[in-house]
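Below: one structure, written as structure tokens.
Owing to the predicted nature of the structure, the values given are computational and were not obtained by experimental measurement. As a basis for the values below, the full set of heavy atoms in this structure was taken, side chains included, without hydrogen atoms, waters or symmetry mates. Order of the sequence lines fixes the chain letters, A, B, ..., with proteins taken first and strands second; residue numbering starts at 1 for each chain.
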Amino acid sequence: MKKILRDTCILSALMILCVFTVSIFWVGLTDEILLVLKLFLLSFIIAVGNHFLDEYLTLSLIAGYIVRYIAATAVVMLFGFIVGWFYPSNFWMAFLYVGIVLMLAFFIDELKTRKDIEFINSEIKNRENEIADGKTLNKQ
Amino acid sequence: MTVVIEYPEWDDAVAGLVRKIERLDISFMGRTDDSTVNIGIFDIYYIENVERKMFLYTKEQVYRLDGSMPELEKGIAETSLVRISRTCIMNTDHLREIRQIRNSHLEAVMDNDEKLIVSRKYLPDIKKMFKKGRV
């Protein structure tokens, strides 16, 4: 199910990007197309920032997400001000948007980590059992 | 050591198996103050980069290694060695358990009771190794 959801998201993003890119040639750079391209650019900047945070910070899950929240909000606010999404009266919305997205990511990440650890530990147990069985057979 | 593989026909699975067996032969030249030692892959517990110097840890010894982390990473494909953080490569042959400790940090416990910090970013890579049956 997880793979289907992930593939759906990736496919949707690709479809949107392709459709809107092709549309540029037919209808030019409309506001809608520009918005989509800006969103992709913002996602790219956040993904690059996230990559470097992962690479250079060894923090706990919660501390890591707090740093990400601050960094992502700063990027979204700055980007939003530059492209005209936010005004001084509604800049607080950046905190809300980023908070919702990160909250979801936090719970998914936590769940995934637990599952990965369970899988690895069970594989180690299986390996140990196989080695023990092999030793028993050798003795026989 | 001689390994004989019997197979009905040569396919990707057999080729993969041969590659894995060939990889068992990989060794590293570790240096101590007064000698240079050839260390087989199974004897390695982990390799750590400390202030741009590489150190190789076996069950009881520590050796200096030449080279850099990226160079080393290129040579460990298809082996039981996997990167677990920006500065550490672990041998999964000696991994006893991975656990989540306080503050949600991840820790790898080795079979000599040594504990290594695992970065969340690399957890999927460790899982992938076990999934592929490389370990």
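Neither the backbone nor the side chain of Lys125(A) comes within less than 4.5 Å of any heavy atom in chain B. Contact annotation for Asp116(A): both backbone and side-chain heavy atoms come within less than 4.5 Å of a heavy atom of chain B. Heavy-atom distances place the side chain of Glu128(A), and not its backbone, under 4.5 Å from chain B.
For the residue pair Asp93(B) / Ser80(B), a side-chain donor-acceptor distance below 3.5 Å is found, with atom types taken as modelled. Between Arg120(B) and Thr113(A), the side chains place a donor N or O and an acceptor N or O closer than 3.5 Å (distance only, hydrogens not considered).
Here Ile117(A) is the residue among Asn126(A), Asp109(A), Ile117(A) with the most heavy-atom pairs under 4.5 Å with chain B.
Note: Phe55(B) and Tyr57(B) have tilted aromatic rings, judged against thresholds of 30 and 60 degrees for the angle between ring planes. Ring orientation note: the planes of His94(B) and Tyr45(B) are close to parallel, at an angle under 30° on the 30°/60° scale.
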